There are 2 protein chains.
Amino acid sequence: MRQESKKKATIYDLSVLSGCSASTVSAVLNGTWQKRRIKESTADLIRSLAEKHQYTANLQARGLRSSRSGLVGLLLPVHDNRYFSSMAQTFEAHVRARGQCPIVVSACRDPQEERRTVETLISYSIDELFVAGATDPDGVHAVCEAAGLKHINLDLPGTKTHSVISDNYEGGRLLTEAIIRHCQGDRPLEPEELYLFGGRNDHASRERIRGFREVKREIFGVDPDECIQPTGYSPAMTQKAFETFYAREGHLPRAFFINSSINFEGLLRFLGQHPHETFADIVVGCYDYDPFGSFLPFPVIMIRQDVESMIAKAFEIIDQPRSAPQLHLIRPELVPPRTALMGPLDALKDID
Amino acid sequence: MRQESKKKATIYDLSVLSGCSASTVSAVLNGTWQKRRIKESTADLIRSLAEKHQYTANLQARGLRSSRSGLVGLLLPVHDNRYFSSMAQTFEAHVRARGQCPIVVSACRDPQEERRTVETLISYSIDELFVAGATDPDGVHAVCEAAGLKHINLDLPGTKTHSVISDNYEGGRLLTEAIIRHCQGDRPLEPEELYLFGGRNDHASRERIRGFREVKREIFGVDPDECIQPTGYSPAMTQKAFETFYAREGHLPRAFFINSSINFEGLLRFLGQHPHETFADIVVGCYDYDPFGSFLPFPVIMIRQDVESMIAKAFEIIDQPRSAPQLHLIRPELVPPRTALMGPLDALKDID
DNA sequence: CTTTTTTGCACAATCGATGGTGCAATTAAT
DNA sequence: ATTAATTGCACCATCGATTGTGCAAAAAAG
């Protein structure tokens, strides 16, 4: 029973065992040994010792010395949501493919928490940071900038560095048109029968709302203000908005555009409180895709943001030399009701 | 315009600025200064300089010296699933409350990737590791053990260290009974009309299947083998199982137990390919809770695993001195159809 | 058999923070 | 006015890896 365990082997241990210096061991194990003209046989010896003693480098020490860590961060607003969790999933695959270590953290949509978290990540010398859906991207930027950390915005844009986001305006238009089209079969839709719920005063919401209103105006000629209910990004507030509407009108709007799957959960809470008939013939458009949401008992048209392309684009940009901040729009996809799309999980092999 | 930026301030910088030694600066900034009998006024001076120059400690250096990092890891099989993403969300809140930094990584249910990932985390001297749903918990254990890293299993148990998991047997029973009960109103259910889909040969699946079979045997007296279809944890395989059944029988089973929300997505894919009538009167039980899943157009009874309690229990255990491995079962909750429960996101304040 | 070149590696400084030890200056005790 | 006790802090080794530099020994050139 070999018994050096409990303490990890270091290059110094291997240096003693091999009779070489620590720098030689280091060079062999990190691949720079050819440059240092180390004999193949020495390298072999050291490698076999490393294997035998289960050596793995202390990455904190390496990071301290080289001020790079091999860590790549993704800052999310929340985990518990299919949009962001699929972003995390896709992100991890990309980072792994580059031989780095992904680390995913959420900051609860709290600007202060965002900055604090990023500072912590910086203290670990992460190499790059992807900032997704930040409430205050420019605040995060300032922190990154001060530390010379490469970073990029996702989902919500900032003004100080590149941003890769959904084409929310176009998506908003697509979704609104699809909702209206879907209602054609029945009695023609009136402008005040089409509402929008959810979202806050951020770029994504503003653009989606702009798309929504423009399409309404183009089709109906009018676009009543009271049809816009930006209830933030919480299920509870959204539910309240539905309850209020229902209490006043005795029914739900005939059709509505829901700003995100999180707001959609607010609708579910409402539905859970009311009999089935209350929503027998609503039509819903949701700006986000959730496979289960797509199969609800009323027509649900969804927008799937193209996470794969967004992440791919972001990596492409972050690898390039720094340039003037730009907004990169990725076209989202309209998903008709009752559609189960493949997702990042399908890339995983399932062994038994 | 102050211009020392681009390089982060270190204790040495502050040491020069303050005229004190680096060790004094260090002591002041990490709170051990009283023990070192440093004058209040010196401490104040240093703190103000630190503030002014935006000093933040280099955590790699600190970690290297003290071989602790303040990082707590959560290893997930996948991100993109409400069960695991809510686990991540809850985990983060707990870790933050302890003043540490949560880091969440997924390993794609690949035993080798699991070990590799854990080794990487260990190289960063993480302080504790939560291993959720690992395919090979004991393999992970070996790696942790060798490095003297405290760890605990979640969701799927290992034999070498404590495990906090759902009471899958009890949950399986609960869900099976509920499915059968739900069918009572109509023509009585026959034993061969109740199937189970999904899951692989792991502890959770085995226990759920055991509960399922025992209840069937208790109620029907029989429990046909062909009603058990453990199709792994992929949507694609599960879909295929449904297709096969449907091709053979011309309809879906009248009622079925689906082993996880991931498998449930396989059912969605099937449904997307077939007309509505195909599943007009099925009854589904799913071992996992997804708010959208709960509102599908057929009755969906779900099991919500009590993630909050699991995480809380796990933290409680990991803080205690090491003891003989034990299995801690957390009772899951039965969720009737059309129920929108609150989740970890509700703890977040939504500012606008 | 020298001189030059190449090969193969060791040495030591460094990254930033920590904590044990020791010592001068101040204060208290006698 | 001494001696003893306390205060306040500096010094230095250390964590584990990286990297520029330098120097012997071996090989090649002359």
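Here the structure is a predicted model, which means the values were calculated and not measured. Naming convention: chains lettered A, B, ... in sequence-line order (proteins, then strands); numbering from 1 in each chain.
- If you check every strand for non-hydrogen atoms under 4.0 Å, B/S67 touches nothing.
- Between B/P325 and B/K160, the closest side-chain pair of non-hydrogen atoms is not below 4.5 Å.
- When the P atom of D/dT18 is taken as reference, atom CD of B/Q60 falls 12 Å away, rounded to whole Å.
- Atom CZ in B/R36 sits roughly 14 Å away from atom C1' in D/dT7 (whole-Å rounding).
- When each of B/R37 and B/A61 is assigned the nucleotide of DNA chain C bearing its nearest heavy atom, the one mapping closer to the 5' terminus is B/A61.
- When the side-chain nitrogen and oxygen atoms of B/T42 are compared with OP1 and OP2 of D/dC9, one or more of them lie within a distance under 4.0 Å.
- Which of C/dG8, D/dT14, D/dA17 sits closest to the side chain of B/R65 comes down to D/dT14.
- Ring geometry, B/F315 versus B/H94: the interplanar angle falls under 30°, so the pair is classed parallel (tilted spans 30 to 60°).
- Side-chain nitrogen and oxygen atoms of A/S21 include at least one within less than 4.0 Å of the OP1 or OP2 phosphate oxygen of C/dA10.
- Of the two residues near DNA chain D, A/A57 and B/S41, the one whose nearest nucleotide lies more 5' is B/S41.
- A salt bridge does not link B/E119 to B/R116: none of the charged side-chain nitrogens sits closer than 4.0 Å to a carboxylate oxygen.
- Dashed line: the shortest gap from a side-chain N or O of B/R62 to OP1 or OP2 of C/dG16 is not under 4.0 Å.
- The aromatic ring centroids of A/F91 and A/F130 lie less than 6.0 Å from each other.
- Between B/R68 atom CZ and C/dA17 atom C1' there is a gap of 15 Å when expressed in whole angstrom units.
- Summarising the geometry, the separation between CG on A/N58 and C1' on C/dC15 is reported as 13 Å, rounded to the nearest angstrom.
- Per the geometry, CG belonging to A/D44 stands 13 Å off P belonging to C/dG8, to the nearest Å.
- Distances shorter than 4.0 Å separate some side-chain N or O of A/N30 from OP1 or OP2 on D/dT18.
- Among the heavy atoms of the strands lying under 4.0 Å from B/S26 is at least one base atom, whether or not backbone atoms are also near.
- Distance CD (B/E40) to P (D/dT7): 15 Å, rounded to an integer number of Å.
- Look at A/R109 and A/D202 and you find no salt bridge, because none of the NZ, NE, NH1 or NH2 atoms lies under 4.0 Å from a carboxylate O.
- Here the C1' atom of nucleotide C/dG16 and the CG atom of B/L64 are 9 Å apart, to the nearest Å.
- Contact annotation for B/I38: backbone-only contact, meaning every heavy-atom pair under 4.0 Å involves sugar-phosphate atoms and none involves a base.
- Looking at which nucleotide of DNA chain D each of B/S23 and A/T32 is closest to, the 5′-most match is held by B/S23.
- Rounded to an integer number of Å, the gap from OH of A/Y12 to C1' of C/dA12 is 10 Å.
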